[in-house]
Structures are given as C-alpha cells and as structure tokens.
Amino acid sequence: MLIRRRPDIQPSEITPREVYRQRRDLMRAGLAGAAWLAAPAAFSAKLATVPGPYKLDESPTRLKDVTSYNNYYEFGTGKYDPEENAKALKTRPWSVAVEGLCAKPKVFGIEELLKLAPLEERTYRMRCVEGWSMVIPWVGFPISALLKQVQPLGSAKYVEFVTLEDPKVMPGLRVPVLDWPYVEGLRLDEANHPLSILAVGLYGEELLPQNGAPIRLVVPWKYGFKSAKSIVKIRLVEQMPKTAWNVAAPQEYGFYSNVNPNVDHPRWSQATERRIGELTKRKTLMFNGYANEVASLYTGMDLKKLY
Ligand SMILES: Nc1nc2c(c(=O)[nH]1)N[C@H]1C(S)=C(S)[C@@H](COP(=O)(O)O)O[C@H]1N2
Ligand SMILES: [Mo]
C-alpha cells in the first residue's frame with residue numbers, strides 16, 4: 001500500500017524511535033508470518049531461577065527494547081551503540097574481586113557467583129535520570145549474600161563498585177565524557193537492603209553484554225546510572241566513594257541519586273517519565289515506587305540537599 005506523506009519527514013522523527021521500530025517489526029512479522037517476531041534474541045544461556053519477592057503488577061518492557069535501547073557509554077553514547085559494539089565483550093573468563101575493609105577478601109569466579117545464592121526473578125521498575133523508564137524482569141541475587149561471605153568490618157561504611165575498563169573492546173573509553181573506569185557506590189545499608197541485587201540475567205536468560213554482562217548492580221529506587229554494568233571489583237570502604245557521574249557533574253548528580261519527582265535535574269523536570277514503548281507520560285513515583293521499602297533508610301535526611 002502506498003501512503004502519501006511529505007518525503008522529508010520520516011516516521012522515526014515523529015514517533016519515539018523504539019515505538020516506530022516496534023511498529024516496523026510488527027509489520028514485518030505480518031508479512032513474514034508471526035514466527036519472525038517470536039524468534040528469540042541471541043541469548044547465551046537459560047538460567048535456573050526461583051520466583052523472588054517484590055511482585056510487580058506492571059507489564060515488562062519488551063525484550064527487544066531492553067536489549068537495544070541502552071546506556072553503556074564505554075560502548076558509545078548513542079542509545080543503539082551498545083547493542084552493536086558490546087558484541088566484542090568477552091564475559092568468560094570473568095572474576096570479581098571483593099576486597100577492602102572485610103575479614104575475608106576473595107576473588108570470585110563468575111561460575112561461583114552464579115551458584116552463590118538461588119537466582120531469583122526480580123521484576124523491577126527502572127528509571128533513567130534522562131526521563132525514561134522500563135520494567136525489567138531481572139535474574140539475580142541479593143548483594144547481601146555476597147557481602148556476608150567476605151565479612152565486612154565494623155569500619156566499612158560504603159561499598160564501591162568498579163566496572164571493566166578495557167580499551168581493546170570499548171571504543172567509548174577514548175571519549176572523555178567520564179573519568180574511566182565507571183565507578184558507583186552505595187552506603188553499606190543500601191547495598192545490604194533486600195531490594196539491591198547483583199543481576200546476572202534478564203527474561204530468564206544470561207545478560208547480554210549491552211545490559212552489563214556478566215554481572216551488574218541493580219538498585220531499583222535509584223536513577224539508572226547507579227546500576228553499574230560489568231563489575232570487576234567491589235570494595236568495602238570507610239569514606240563515601242567518588243562516583244563517575246558525581247565527579248563529571250557534581251551539581252547534577254549526587255551520591256544518593258534516589259528517584260525523586262520533587263527534586264528536578266538542574267536542566268529538566270523529574271516529575272514525569274516516559275515508559276519505553278508507550279507514548280503518554282507517567283508521573284514519576286517517589287523512590288521509583290519503592291518508598292514503603294526504602295524510605296526508612298533516609299529518615300532525617302534533607303533529600304533536596306542530599307540528591
Ligand atoms: N559501566 C556502565 N554502567 C552503566 C552505564 C554506563 O554507561 N557504564 N550507564 C548507566 C545508566 S545511565 C543506565 S540508565 C543504566 C541502563 O541500563 P540498561 O541499558 O541495562 O537498561 O545502566 C547504568 N550502568
Ligand atoms: Mo541513565
């Protein structure tokens with residue numbers, strides 16, 4: 001069918017790109033038969049999982065968007081760059097060194113991490129500081145299960161997460177947007193909160209590189225940049241760690257980074273968000289909808305100052 005429209009306007013310019021791609025995929029599926037759409041993405045391995053706590057009554061963002069609309073600046077700053085560029089990332093062998101203020105520092109191999117605790121399905125609302133959100137069915141285990149093994153000392157107050165910095169496979173490292181490697185941090189009690197997980201998969205399969213394979217942080221009540229990808233080192237420390245985004249733009253990104261519709265980013269409002277795959281905006285929820293679970297971590301703190 002031929003549709004007349006101004007040749008200078010592409011549908012991709014008037015519709016959010018992933019919604020346009022979704023329509024395009026559906027049209028192709030219509031032409032080629034539904035089998036094309038049903039074909040699974042190129043996942044590496046199915047994981048044995050158990051249902052986790054925190055049931056969420058919202059439909060998950062479609063797999064194609066979760067694995068193609070990404071922020072992973074080491075692989076480029078364009079949303080669709082990581083899907084392409086991160087193919088070069090080798091996630092085996094892989095190990096994570098857990099060290100610093102603990103009685104039993106240890107280097108964990110990825111196979112060991114996959115068996116450390118039951119792998120739970122944890123569908124979480126995720127909110128990027130840029131103003132978009134997704135619902136992602138993660139597979140992972142509580143960070144507390146890992147920290148318990150190394151026995152943090154009483155002096156440990158924060159946890160620092162250091163991610164892979166490999167110029168051989170990460171073209172984005174040549175761009176000085178951030179002070180590489182990408183580093184994030186949590187207060188020890190935030191890291192030990194039952195909502196905080198180390199994710200190794202999504203939609204029941206091992207993570208793809210663009211989502212932070214083989215292991216990444218997921219902290220659903222904080223802006224997405226806290227959820228550091230492809231972790232290689234976890235350090236227990238006494239002082240609040242310097243974090244990549246806080247160092248790059250301290251007036252815009254604080255250490256806490258809790259989702260907060262009442263504290264705007266200096267350049268845009270945080271009151272609403274667009275769920276990827278949808279056209280109308282939603283109201284952003286305090287602590288991304290996890291206030292009942294986490295608000296008590298911040299009692300007495302001025303969340304406008306400690307953003
Ligand atoms: N190492 C690393 N981790 C990262 C980032 C990054 O650029 N590098 N981007 C963060 C940001 S801004 C977001 S919103 C989430 C996106 O995760 P997703 O692409 O799996 O949805 O990853 C976070 N973790
Ligand atoms: Mo983000």
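- Ring planes of Phe75 and Tyr72: perpendicular class, angle over 60° (limits at 30 and 60°).
- Criterion: ILVMFWY side-chain heavy atoms under 4.5 Å apart, direct or through other members. Under it, Val107 and Leu236 are not part of a common hydrophobic cluster.
- Figure legend: cation-pi geometry between Lys226 and Phe255, with NZ or CZ positioned under 6.0 Å from the six-membered ring centre and within 45° of its axis.
- Residues Phe225 and Tyr253 place their aromatic rings such that the two centres sit under 6.0 Å apart.
- Under the 4.5 Å side-chain criterion, counting only non-hydrogen atoms from C-beta, Pro137 is in contact with Pro60.
- If you take SG on Cys102 and CD1 on Ile234, they are separated by 10.5 Å, rounding to the nearest 0.5 Å.
- Using a 3.5 Å distance cut-off with no hydrogens or angles, the side chains of Ser155 and Glu238 do not pair a donor with an acceptor.
- A donor-acceptor contact closer than 3.5 angstrom links the side chains of Asn71 and Lys79.
- The ring of Tyr69 has its center closer than 6.0 angstrom to the ring center of Trp132.
- Shown here is Asp179, whose CG atom has no more than 12 heavy atoms of other residues, nucleotides or ligands within 6.0 Å.
- Tested against Glu160, the residues Arg235, Gln239, Lys242, Lys233 include a single side chain to side chain donor-acceptor pair (under 3.5 Å) partner, Arg235.
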Residue pair Lys87, Glu83: steps toward the salt bridge (Lys or Arg N to Asp or Glu O under 4.0 Å) verdict: CA-CA 7 Å; Lys87 283 177 187 155; Glu83 181 184 30; over 6 Å; no

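- A donor-acceptor pair shorter than 3.5 Å can be found between the side chains of Thr284 and Glu273.
- Considering CG of Leu56 and OG1 of Thr123, their distance stands at 7.0 Å, rounded to 0.5 Å.
- Between Leu202 and Val66 the shortest side-chain heavy-atom distance falls below 4.5 Å.
- With respect to Lys304 and Asp302, no salt bridge is recorded, no charged nitrogen being found less than 4.0 Å from a carboxylate O.
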Is there a salt bridge (Lys or Arg N to Asp or Glu O under 4.0 Å) between Arg275 and Glu58 once you walk through the steps? CA-CA 11 Å; Arg275 183 68 52 83; Glu58 292 183 49; 2.7 Å; yes

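- At a threshold of 4.0 Å, the pair Arg174-Glu74 does not count as salt-bridged, since none of the basic side-chain nitrogens sits closer than that to a carboxylate oxygen.
- Going from atom CD of Glu184 over to atom NZ of Lys222 covers 9.0 Å, rounded to the nearest 0.5 Å.
- The number of heavy-atom neighbours closer than 6.0 Å to NZ of Lys55, taken from other residues, nucleotides and ligands shown, is above 12.
- For Trp138 and Tyr54, the ring centers sit 6.0 Å or farther from each other.
- The shortest distance between side-chain heavy atoms of Glu112 and Lys106 falls below 4.5 Å.
- Side-chain contact check for Tyr298 and Trp221: at least one donor-acceptor pair (N or O, by modelled atom type) lies under 3.5 Å.
- Using a cutoff of 4.0 Å between basic side-chain nitrogens and carboxylate oxygens, Glu206 and Lys46 are not scored as salt-bridged.
- In summary, of the residues considered (Gln270, Glu252, Glu130), a side chain to side chain donor-acceptor pair (under 3.5 Å) with His265 occurs for Glu252 alone.
- With rounding to the nearest 0.5 Å, the separation of CG in Asn258 from CG in Leu297 is 8.5 Å.
- Just one residue in the list Leu147, Val98, Val237, Leu101 forms a side-chain contact (heavy atoms from CB on, under 4.5 Å) with Val159, and that residue is Leu147.
- Atom OH of Tyr203 is separated from atom CG of Leu47 by 15.5 Å, given to the nearest 0.5 angstrom.
- Taken to the nearest 0.5 Å, the CG atom of Leu113 stands 9.0 Å off from the OG atom of Ser95.
- Looking only at atom types and distance, the side chain of Tyr182 has no donor-acceptor partner in the side chain of Ser230 under 3.5 Å away.
- Ring centroids of Tyr290 and Phe287 are separated by 6.0 Å or more, keeping the two rings apart.
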